[in-house]
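Here the structure comes first, spelled out in structure tokens, and everything after it is commentary.
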2 protein chains.
Amino acid sequence: MERSTHPDSVQSLTRGLHVLTAFNRGSSRMTLSEIAVLSDLTRGTTRRLLLTLVENGYVGLDGKFFYLRPQLLELGYSYLASLSFNDIVQKHLNLIAEQLHESASASVLVFPEVVYVARASTNRVMTIGLSVGSKLPALYTSMGRIMLAQLSENELEKHLNSVTLAPPTPRAIKTIAEVRTELEKVRSQGYSILDQELEIGLRSIGVSIGSHVNDTYAAINISVPASRLSVEELEVKILPMLQNTAQQINSELGSVWPS
Amino acid sequence: MERSTHPDSVQSLTRGLHVLTAFNRGSSRMTLSEIAVLSDLTRGTTRRLLLTLVENGYVGLDGKFFYLRPQLLELGYSYLASLSFNDIVQKHLNLIAEQLHESASASVLVFPEVVYVARASTNRVMTIGLSVGSKLPALYTSMGRIMLAQLSENELEKHLNSVTLAPPTPRAIKTIAEVRTELEKVRSQGYSILDQELEIGLRSIGVSIGSHVNDTYAAINISVPASRLSVEELEVKILPMLQNTAQQINSELGSVWPS
DNA sequence: AACAATAGTTCGCTATGCGAACAAAAGAAG
DNA sequence: CTTCTTTTGTTCGCATAGCGAACTATTGTT
């Protein structure tokens, strides 16, 4: 747990937020000692910070176990609410999902991941495991790649310097050099296709939405079983509709998002 | 901004979180002075806390404007992720929405509001304005009422003592006494019906899900245009299916939620 | 029952964070 | 454009907030 060099930095706040994120790294209910170890802080300090979070209602305490409380949603969703984003996107995802009879999603870039913020599907057999709030490695999702392709050279370098590649399938790219090549291609195409890299049997195509207001890189995608559509078919049949949807979303966002 | 009386309370953390919630009370981009006023802290303190939030990536700074960044989703969604909740609920909402051709939603209680955590709709004309992350006053939603009806007397009293009623329509209940009567009825019925109280022309019916693990009160509902279904029809045609869905969700949650 | 591990409490200490005041920069008004 | 006002940034003395270490109490394990 490192001390900031910035004189105006409030160490206790940094530490408290770090303790809060320990739940992302550990399990849903943890003891003081477990959290202290994950946070790399002494038990005494960790305890005080946790008790403060309990007092403020973000964390609960049951016996010796600490857990996250619903009030935490206030923090997370205030970001989405500040974007005036989700209802517009959800509406258009519903439309395209119905037109295509495929799953449609939106996510934002929270490197090294993408976080799903909206989904629509008309399939009764829904692909389990992905819902709003789900996170996937940005480098191995179509949405992540189109978003990364839009970062400045500086930002992209910073991210690539801090990431450890963990290819999810044997088909997935394995080196940072491959990442750069792929992002170059995605950048020039204006869309990205993921071909069974995240999951064997699954293809997806992603385009970006929005204008990077408030550091927000967002994208939408369509995912399909590989048995149903080839890469070429994704490009020919799906991409035009997806791009049209993105344009409609951007048009509506344009009236609420400052440029 | 009050000082806690608890000796183990870390004031700077409390203050920092309070500053973060200022964005819920103000606009999406604010100056230092605006935030300081909303937070009831001096400019110097507010500035240090904000700069700490900026340093940690939760808040951004553009010129003199502070804004929330996507990293904040990490905090909010860690709560949902800790529940292993959303994919199960979303799947069942999709099913019942398709069976009924009505909008289905799930929310959790973050008093004085409910926060929508999942939605499904097969309608092309989606009711705009409600999406994941949306908040509505708990006292004026069917889901809010069924959740409140399950609180302990103590908890309910605490909430009712701290709330200011703001009836959204002329039909809506106006006094705490009316709230109590309604919740008593809801408690004995095991479901709640909202009849054009939140919005003229809209009815909804809600049942609870889950077992209050980690202080989480959750519910699902079906909302319909009042022109389509009467209150009686909600009870006769919709309620059995909604209750069945809740049972299925609970059954699946039972295997991931501790009792 | 004995031992080990964990959680809670206490306390001396200092450095962290504070508020107040001043300086600089930006914005508003004429 | 100038002048005045407001806001933001910086500095600094101070004291208390928060810390870590040590001890005590409780819980868990063998």
Side-chain angles (χ1 to χ4, degrees), chain A residues 1-23 25-69 214 258, chain B residues 1-23 25-69 214 258:
Chain A
M1 192 66 223
E2 304 205 342
R3 178 72 222 262
S4 168
T5 52
H6 198 293
D8 288 328
S9 185
V10 178
Q11 181 177 217
S12 297
L13 176 55
T14 293
R15 284 177 160 185
L17 292 167
H18 187 62
V19 163
L20 199 42
T21 62
F23 289 91
R25 303 191 286 280
S27 55
S28 60
R29 292 163 76 86
M30 291 191 282
T31 64
L32 167 62
S33 296
E34 289 171 322
I35 297 166
V37 167
L38 285 175
S39 306
D40 197 25
L41 293 167
T42 64
R43 282 191 301 102
T45 293
T46 306
R47 184 167 179 275
R48 275 191 294 270
L49 296 170
L50 280 168
L51 290 181
T52 303
L53 292 168
V54 168
E55 188 179 30
N56 284 279
Y58 295 108
V59 168
L61 176 58
D62 176 22
K64 49 191 266 203
F65 292 103
F66 293 94
Y67 56 89
L68 300 180
R69 293 189 75 256
N214 293 2
Chain B
M1 192 69 219
E2 305 207 344
R3 177 72 222 257
S4 166
T5 52
H6 199 291
D8 287 329
S9 186
V10 179
Q11 180 179 215
S12 297
L13 175 56
T14 293
R15 284 177 160 185
L17 292 166
H18 187 62
V19 163
L20 199 42
T21 63
F23 290 91
R25 304 190 285 278
S27 55
S28 60
R29 291 164 75 87
M30 292 192 280
T31 64
L32 168 62
S33 297
E34 289 170 323
I35 297 166
V37 167
L38 286 175
S39 305
D40 196 23
L41 293 168
T42 66
R43 283 188 302 99
T45 294
T46 307
R47 184 169 176 275
R48 275 191 295 270
L49 296 170
L50 280 168
L51 290 183
T52 303
L53 292 168
V54 167
E55 187 179 31
N56 284 280
Y58 296 108
V59 169
L61 178 58
D62 176 21
K64 50 191 267 203
F65 292 102
F66 294 94
Y67 57 88
L68 301 179
R69 294 190 73 255
N214 292 3

Inset, instruction - Please list, chain by chain and in numerical order, all residues satisfying side chain to side chain donor-acceptor pair (under 3.5 Å) with B/Thr31, sequence neighbours excluded. - result: B/Glu34
Legend entry - Bend angle of the helix from C/dA1-D/dT30 to C/dG30-D/dC1, end axes from five pairs each (to 10°): 60°
Inset, instruction - Looking only at non-hydrogen atoms, find the nearest pair between B/Ala22 and B/Ile35 and report the distance. - result: CB-CG2, 4.1 Å
Legend entry - Gap between atoms CD1 and P, on A/Ile35 and C/dT6 respectively (whole Å): 14 Å
Legend entry - Any pair counted as salt bridge (charged side-chain N to carboxylate O under 4.0 Å, His left out), so long as it reaches residues 51-61 of chain A, sequence neighbours left out: none
Legend entry - Rounded distance (Å) that lies between atom C1' of C/dA7 and atom CG of A/Leu49: 16 Å
Legend entry - Listed nucleotide nearest any side-chain atom of A/Gln11, set D/dG18, C/dG19, C/dG17: C/dG17
Legend entry - Whole angstrom value for the distance that separates P of D/dC19 from CG of A/Leu13: 12 Å
Legend entry - For A/Arg25, all residues meeting side chain to side chain donor-acceptor pair (under 3.5 Å), sequence neighbours excluded: A/Thr21
Inset, instruction - With sequence neighbours left out, write down each residue that passes side chain to side chain contact (heavy atoms under 4.5 Å, CB included) with B/Thr45, or none if nothing qualifies. - result: B/Arg15, B/Leu41, B/Thr42, B/Arg48, B/Leu49
Inset, instruction - Could you pull out all residues at least two apart from B/Tyr67 that satisfy side chain to side chain donor-acceptor pair (under 3.5 Å)? - result: A/Asp215
Inset, instruction - Encode nucleotides 5-11 of chain D as B, S and - characters from 5' to 3', where the letter depends on protein heavy atoms closer than 4.0 Å: B to the base, S only to sugar-phosphate, - to neither. - result: --SBBB-
Legend entry - Pairs involving residues 56-66 of chain B, ordered by first then second residue, that meet salt bridge (charged side-chain N to carboxylate O under 4.0 Å, His left out) (sequence neighbours left out): B/Arg29-B/Asp62
Legend entry - All side chain to side chain contact (heavy atoms under 4.5 Å, CB included) counterparts of A/Ser12, not counting sequence neighbours: B/Val10, B/Ser12
